[in-house]
Amino acid sequence: KKAYPTSPVLPVAASPAVSTRAADSVEIPNGAWVGSDFTLFVEYQEGPAAGQAMSRGIAGLHDSGSTDQATLGFNSGGQQNATLRSGGTLFFTPAATNGAVGDVVRAAVGWAQSDYAYSRDGDAQETGSSAFTFAFDSLWVGCSEGGASAHLNGYIKDIRYWPRRLTNAE
């Protein structure tokens with residue numbers, strides 16, 4: 001297991017031991033690639049904020065008003081989790097999981113009408129079957145929707161989106 005830096009951080013001449021930069025915030029507007037069914041997968045490494053009581057985003061599909069969301073991130077208790085929200089109503093949030101600095105984690109959430117699931121590191125899936133729909137307009141990476149808050153303090157190695165609900169075996 002090793003770090004997966006997303007961008008270089010170079011020291012400034014005045015203080016070569018200390019460097020800062022703005023957090024990465026990436027928005028990918030949707031297009032024909034966003035289907036009604038989907039699976040969202042991430043592989044990331046926990047950074048120094050692991051276990052800290054703060055919300056942080058890894059990746060999420062959102063509408064412009066934050067009423068429809070499918071997110072992989074961290075809850076306000078600092079635990080990794082997923083959420084599915086439609087019309088502002090939370091339909092699914094599986095049990096949150098604690099992590100440690102340096103952990104490399106693979107997590108996925110998949111959805112099809114009345115059939116959804118979440119898994120972390122290949123553990124047994126948590127599933128649900130409520131009927132609801134989404135209307136996404138963008139994919140946010142490394143932060144909450146809007147890019148202004150809840151930045152991930154860690155490294156993202158891989159993000160994948162499938163326009164179908166992968167089976168639990170996949």
Side-chain angles (χ1 to χ4, degrees), residues 1-2 4-7 23-47 55-75 79-99 103-152 154-170:
K1 296 181 177 181
K2 62 178 189 167
Y4 305 106
T6 57
S7 59
D24 294 326
S25 296
V26 178
E27 177 189 14
I28 303 168
N30 78 0
W33 57 271
V34 174
S36 58
D37 300 353
F38 66 86
T39 301
L40 182 62
F41 164 86
V42 296
E43 181 176 0
Y44 66 96
Q45 183 180 35
E46 296 261 13
S55 296
R56 293 169 282 136
I58 301 169
L61 295 160
H62 300 272
D63 71 350
S64 59
S66 294
T67 58
D68 292 350
Q69 301 174 337
T71 60
L72 292 165
F74 295 84
N75 64 20
Q79 300 171 308
Q80 200 275 314
N81 71 341
T83 57
L84 294 177
R85 188 179 306 271
S86 176
T89 300
L90 181 63
F91 281 89
F92 182 61
T93 184
T97 309
N98 289 314
D103 285 354
V104 176
V105 177
R106 303 172 96 192
V109 61
W111 181 86
Q113 187 62 30
S114 301
D115 175 28
Y116 43 93
Y118 164 80
S119 181
R120 175 184 158 124
D121 290 331
D123 291 340
Q125 296 86 13
E126 292 190 47
T127 61
S129 59
S130 298
F132 55 94
T133 60
F134 295 109
F136 300 127
D137 61 19
S138 56
L139 168 66
W140 284 91
V141 178
C143 60
S144 66
E145 183 202 0
S149 64
H151 294 100
L152 175 67
Y155 302 101
I156 297 172
K157 178 183 179 188
D158 194 6
I159 295 177
R160 297 181 192 190
Y161 170 88
W162 288 269
R164 65 182 182 89
R165 158 79 158 84
L166 297 180
T167 67
N168 291 348
E170 290 178 290

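For Thr167, the side chain to side chain contact (heavy atoms under 4.5 Å, CB included) test picks out Ala169, Glu170, with sequence neighbours left out. Applying the side chain to side chain contact (heavy atoms under 4.5 Å, CB included) test to Ala96 and every residue at least two apart in sequence or in another chain returns Asn75, Gln79, Asn81. Residues meeting the side-chain hydrogen bond (donor to acceptor under 3.5 Å, both in side chains) test with Arg85, sequence neighbours left out: Gln69. Residues that satisfy the side-chain hydrogen bond (donor to acceptor under 3.5 Å, both in side chains) test with Ser86, not counting sequence neighbours, are absent from this structure.
When all heavy atoms of Ile58 and Ile156 are compared, the closest pair comes out as O-CD1, 3.8 Å. Shortest non-hydrogen contact noted between Arg164 and Thr39 is O-OG1, 2.9 Å. Smallest separation of non-hydrogen atoms from Ala117 and Phe92: C-CE2, 4.3 Å. Nearest approach of Leu40 to Ala59, heavy atoms of both residues: CD2-O, 3.9 Å. In terms of heavy-atom proximity, Asp63 sits nearest to Ala135 at CB-O, 3.0 Å.
Separating the CZ atom in Arg160 from the CZ atom in Arg106 is a distance of 7.0 Å, to the nearest 0.5 Å. Atoms OG1 and CG, from Thr89 and Asp68 in turn, are 9.5 Å apart once rounded to the nearest 0.5 Å. Between the OH atom of Tyr44 and the CD1 atom of Ile159 there is a distance of 12.0 Å, given to the nearest 0.5 Å.
Annotation: side chain of Tyr161 is in contact with side chain of Leu61 (closest heavy-atom distance under 4.5 Å).
Ring geometry for Phe132 versus Phe134: interplanar angle over 60°, hence perpendicular rather than tilted (30 to 60°).
Of the possible donor and acceptor atoms, one in the side chain of Gln125 sits under 3.5 Å from a partner among the backbone N and O of Asn168. Proximity of a side-chain donor or acceptor of Thr93 to a complementary backbone N or O of Thr83 within less than 3.5 Å is not detected.
Counting only residues at least two apart or on different chains, no salt bridge (charged side-chain N to carboxylate O under 4.0 Å, His left out) pair has a member in residues 121-131. Applying the side chain to side chain donor-acceptor pair (under 3.5 Å) test to residues at least two apart or on different chains, the pairs with a partner in residues 110-119 are Gln80-Tyr118, Asp115-Arg165, Tyr116-Ser130.
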